Amino acid sequence: MLTLKKIIAELDFIAKSLTKRGYNEDDIKDLLHELISHDKKRKSNQQANDDLKSKMKDFSGQIGKLYKEGRQNEASKLKAEVVVLKEKIKTYDENDKELKSKIDDILLSIPNAPHNSVPHGKNEEDNEVVKDWTDPLPNLAGDALPHWELAKKYNLIDFELGAFITGSGFPLFRNKGAKLKRALINFFLDEAEKAGYEEIRPPLMVNEASAMATGQLPDKEGQMYYMEKDDLYLIPTGEVPITNIYRDVILNENDFPQKVTAYTPCFRREAGSYGSDVKGLNRVHQFDKVEIVQISHPDESYKLLDQMVSHVENLLIKLELPYRILRLCGGDLGFTSALTYDFEVYSAGQKKWLEVSSVSNFESFQSNRLKLRFKDSNGKIHLAHTLNGSALALARVVAAILENFQTPEGIVVPKVLRDYLNFEIIN
RNA sequence: GGAGGGGUGGCAGAGCGGUUGAAUGCACUGGUCUUGAAAACCAGCGUACUCGCAAGGGUACCGAGGGUUCGAAUCCCUCCUCCUCCGCCA
């Protein structure tokens with residue numbers, strides 16, 4: 001969430017930038033002013049309360065001394081006074097609690113303020129293409145197939161069997177399909193390692209505190225699978241466990257940047273999805289992803305964002321997939337993000353652009369919830385910035401590879417993957 | 001799942017109802033000494049909120065949340081977590 005400090009200091013900027021997400025500027029200003037007035041009340045309440053508590057402490061100390069000296073009567077008198085103080089403190093404590101929860105409720109409801117470069121817009125149609133694909137798109141024969149047909153033809157993915165074992169949206173990969181997936185995971189992890197990321201294998205379920213810290217809760221409650229018996233959430237992305245490595249952490253200034261990568265399956269309920277979007281691998285409940293995360297000094301985060309964008313771009317180039325890069329408009333921007341670039345890959349069999357990566361700078365929005373801070377050279381403490389990106393999401397990359405590289409003889413796998421496979425063609 | 005023992009500052013480790021935000025050691029930072037370094041000595045060294053231009057105050061925090069008490073790191077309850085042993089299992 002945004003910090004109160006930032007809201008007070010940059011109220012006009014924040015209100016204006018939130019209009020990109022569709023907020024009415026006056027409404028949001030009213031809300032922010034309400035927030036600030038709650039905070040003022042909270043401060044003066046605390047001030048009064050602290051004074052009382054200080055007095056109480058002092059009296060209690062005196063009572064102890066009086067008892068030691070055997071002056072019972074005086075002690076009893078003081079005790080009576082403390083009882084009165086305590087009553088007052090109780091009401092101040094209650095006020096404090098109430099004001100804090102009001103403040104928190106409002107803060108939790110406000111999304112991140114979009115970066116200056118984020119365009120206005122309602123939905124994906126308003127996203128800005130920052131890098132388009134200008135070369136010719138794969139020109140397939142007239143009888144070219146979409147990936148779900150290819151998957152059936154070459155026995156690579158069994159959607160029905162996955163549905164039988166679990167449910168729809170849980171595809172079962174087999175044979176060369178399974179191997180292709182493993183090759184991609186290894187390729188992505190190796191590339192991340194070359195770029196200086198530490199590889200980890202995190203838990204795939206997280207507790208409420210972790211889901212809260214990265215912003216999945218309370219915003220995306222319905223998108224996660226929830227294990228009621230154990231009060232755990234299946235991760236919707238590796239971002240959650242990776243970023244939570246840094247919950248309640250104070251780094252040193254020279255520890256930056258922290259770079260961590262992980263391969264994890266991701267689980268998403270995808271409630272409300274329908275139509276051709278959900279065909280084949282386009283939208284599934286379980287998919288594999290290699291995630292990259294960086295923890296950054298605030299001054300560096302946009303530079304690092306660019307680096308991450310080129311990292312992802314490089315993967316797509318190596319995979320020889322046509323891609324384009326979009327800057328998400330305010331309306332399409334995630335709740336926690338200040339700036340997000342999406343990567344889409346052209347899947348020639350279905351003649352569709354598929355989102356395969358999302359690279360974001362959260363600035364201090366996540367750090368604030370994570371309590372992820374750093375000490376500068378003067379010993380002062382500040383919030384760090386967090387960034388993450390998919391590098392890459394597997395399911396749709398597989399879809400694009402199958403479709404784009406199909407030939408009458410079979411599917412010719414991209415050269416870069418051949419080191420990871422004991423075959424060059426799927427037939 | 002059963003039985004037992006723990007969770008205190010960066011780490012180790014005291015304290016087990018009353019100036020204890022917390023001894024001591026190590027680590028770390030600054031200083032003295034030294035040609036330099038080490039050693040020795042001196043000083044400093046948590047986080048959050050809050051008041052203050054600042055210097056410097058106040059409050060809270062000893063796994064988390066409640067409770068008892070004039071007063072709790074210390075007593076009671078609930079939960080979380082770690083360790084040891086037994087059971088079960090990959």
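Treat the numbers as computed from the prediction; the structure is a model and nothing was measured. Quick note on labels: first sequence line is chain A, next is B, and so on, each numbered from 1. Because only heavy atoms are used, hydrogens play no part in the values below, and waters and symmetry mates are left out as well, while side chains stay in.
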Worksheet, complete the sentence: Per the under-4.0 Å heavy-atom filter, residues of residues 33-53 of chain A near RNA chain B come out as A:Arg42, A:Lys43, A:Gln46, A:Gln47, A:Asp50, A:Lys53
Fill in: Whole angstrom value for the distance that separates C1' of B:G46 from NZ of A:Lys375
7 Å
Practice prompt. Any strand is fair game: report the nucleotide pairing with B:U84 by Watson-Crick or G-U wobble, both distances under 3.5 Å, or none.
Written response: B:A3
Worksheet item: Atom NZ of A:Lys380 to atom P of B:C45: distance rounded to whole Å?
Response: 16 Å
Practice prompt. Examine A:Lys289 relative to A:Tyr263 and say whether NZ or CZ is less than 6.0 Å from the centre of the six-membered ring and inside a 45° cone about the ring axis.
Written response: no
Discussion item. Any base atoms under 4.0 Å from A:Ile381, or only sugar-phosphate, or nothing? Heavy atoms, all strands.
Written reply: sugar-phosphate
Worksheet item: Rounded to whole angstrom units, what separation is found between the CZ atom of A:Arg247 and the P atom of B:U81?
Response: 13 Å
Worksheet item: Which nucleotide, in any strand shown, forms a Watson-Crick or G-U wobble pair with B:G9, with both distances under 3.5 Å?
Response: none
Worksheet, complete the sentence: Re B:G36: Watson-Crick or G-U wobble partner, both distances kept under 3.5 Å, found to be none
Worksheet entry | Base paired to B:A22 (Watson-Crick or G-U; both N/O distances under 3.5 angstrom) | none
Response to the item:
Residue pair A:Lys57/A:Lys100 against RNA chain B: nearer the 5' end by closest nucleotide is A:Lys100
Worksheet item: Quick one: A:Leu372 CG to B:U47 C1', roughly how many Å, whole number?
Response: 15 Å
Practice prompt. Considering only atom P, compute the distance from B:G4 to B:G13 and round it to an integer number of Å.
Written response: 24 Å
Worksheet item: Between A:Phe374 and A:His382, is the gap from one ring center to the other below 6.0 Å?
Response: yes
Item to complete: Determine the Euclidean distance between corresponding P atoms of B:A38 and B:C28; express it in Å to zero decimal places.
Response: 10 Å
Worksheet, complete the sentence: Answer for the Watson-Crick or wobble partner of B:A14, both distances under 3.5 Å, is none
Fill in: Pair A:Lys77 + A:Glu74: basic N to acidic O under 4.0 Å
no
Fill in: A:Arg71 CZ - B:G18 P separation (whole Å)
20 Å
Discussion item. Please tell me whether A:Ser301 and A:Ser296 have a donor and an acceptor in their side chains that are separated by less than 3.5 angstrom.
Written reply: no
Worksheet entry | Nearest-Å distance once atom C1' is located in both B:U34 and B:A40 | 12 Å
Fill in: Atom-to-atom span, NE2 of A:His382 to P of B:A48 - whole angstrom
11 Å
Discussion item. Both distances below 3.5 Å, Watson-Crick or wobble geometry, any strand: find the nucleotide opposite B:A72.
Written reply: none
Fill in: Separation of the C1' atoms in B:A3 and B:A12, to the nearest angstrom
29 Å
Worksheet entry | B:G30 to B:G46 separation - P atoms, rounded to the nearest Å | 16 Å
Worksheet item: Does A:Arg373 place a side-chain N or O at less than 4.0 Å from the phosphate oxygens OP1/OP2 of B:U47?
Response: no
Response to the item:
Using Watson-Crick geometry (N1-N3 plus N6-O4 or O6-N4) or G-U wobble (N1-O2, O6-N3), each under 3.5 Å, B:C53 is paired with none
Discussion item. Generate the contact string for nucleotides 70-78 of chain B. Rules: B means base contact, S means sugar-phosphate contact only, - means no protein heavy atom under 4.0 Å.
Written reply: BS-------
Worksheet item: Does a side-chain N-to-carboxylate-O contact under 4.0 Å join A:Lys55 and A:Asp51?
Response: no
Worksheet item: Could you state the interatomic distance from NZ (A:Lys259) to CE (A:Met308), rounded to the nearest 0.5 Å?
Response: 9.0 Å
Discussion item. Looking at A:Phe164, I'd like to know if its CZ atom is crowded, meaning that more than 12 non-hydrogen atoms belonging to other residues, nucleotides or ligands lie closer than 6.0 Å.
Written reply: no
Worksheet item: Taking everything shown except A:Lys16 itself, do over 12 heavy atoms lie less than 6.0 Å from its NZ?
Response: no
Practice prompt. Summarise how protein sits on nucleotides 62-68 of chain B as a single string, 5' to 3': B when a protein heavy atom is under 4.0 Å from the base, S for sugar-phosphate-only contact, - for no contact.
Written response: ----S--
Worksheet entry | Atom pair OH (A:Tyr154) and CD (A:Gln406), whose distance is rounded to the nearest 0.5 Å | 7.5 Å
Practice prompt. Determine whether more than 12 heavy atoms belonging to other residues, nucleotides or ligands lie under 6.0 Å from atom CZ of A:Arg182.
Written response: no
Discussion item. Nearest 0.5 angstrom please: A:Leu35 CG to A:Leu2 CG, how far?
Written reply: 9.5 Å
Worksheet item: Tell me: CG of A:Asp248 to C1' of B:G10, nearest whole Å?
Response: 15 Å
Discussion item. Are A:Phe365 and A:His385, when compared by the centres of their aromatic rings, separated by less than 6.0 Å?
Written reply: no
Item to complete: For B:C16 versus B:G21, give the span between their P atoms, rounded off to a whole number of Å.
Response: 15 Å
Item to complete: Measure from CG on A:Leu4 to C1' on B:A48 and round the result to the nearest Å.
Response: 14 Å
Practice prompt. Indicate the atoms forming the closest heavy-atom contact of A:Ile292 with A:Ala192, along with that distance.
Written response: CG2-CB, 4.2 Å
Worksheet, complete the sentence: The Watson-Crick or G-U wobble partner of B:C28, with both key distances under 3.5 Å, is B:G44
Worksheet item: On a whole-Å scale, what distance lies between the C1' atoms belonging to B:G9 and B:C53?
Response: 32 Å
Worksheet entry | C1' gap between B:C62 and B:U35, integer Å | 48 Å
Fill in: Single hit among A:Ile242, A:Thr264, A:Val293 for side chain to side chain contact (heavy atoms under 4.5 Å, CB included) with A:Ile200
A:Ile242
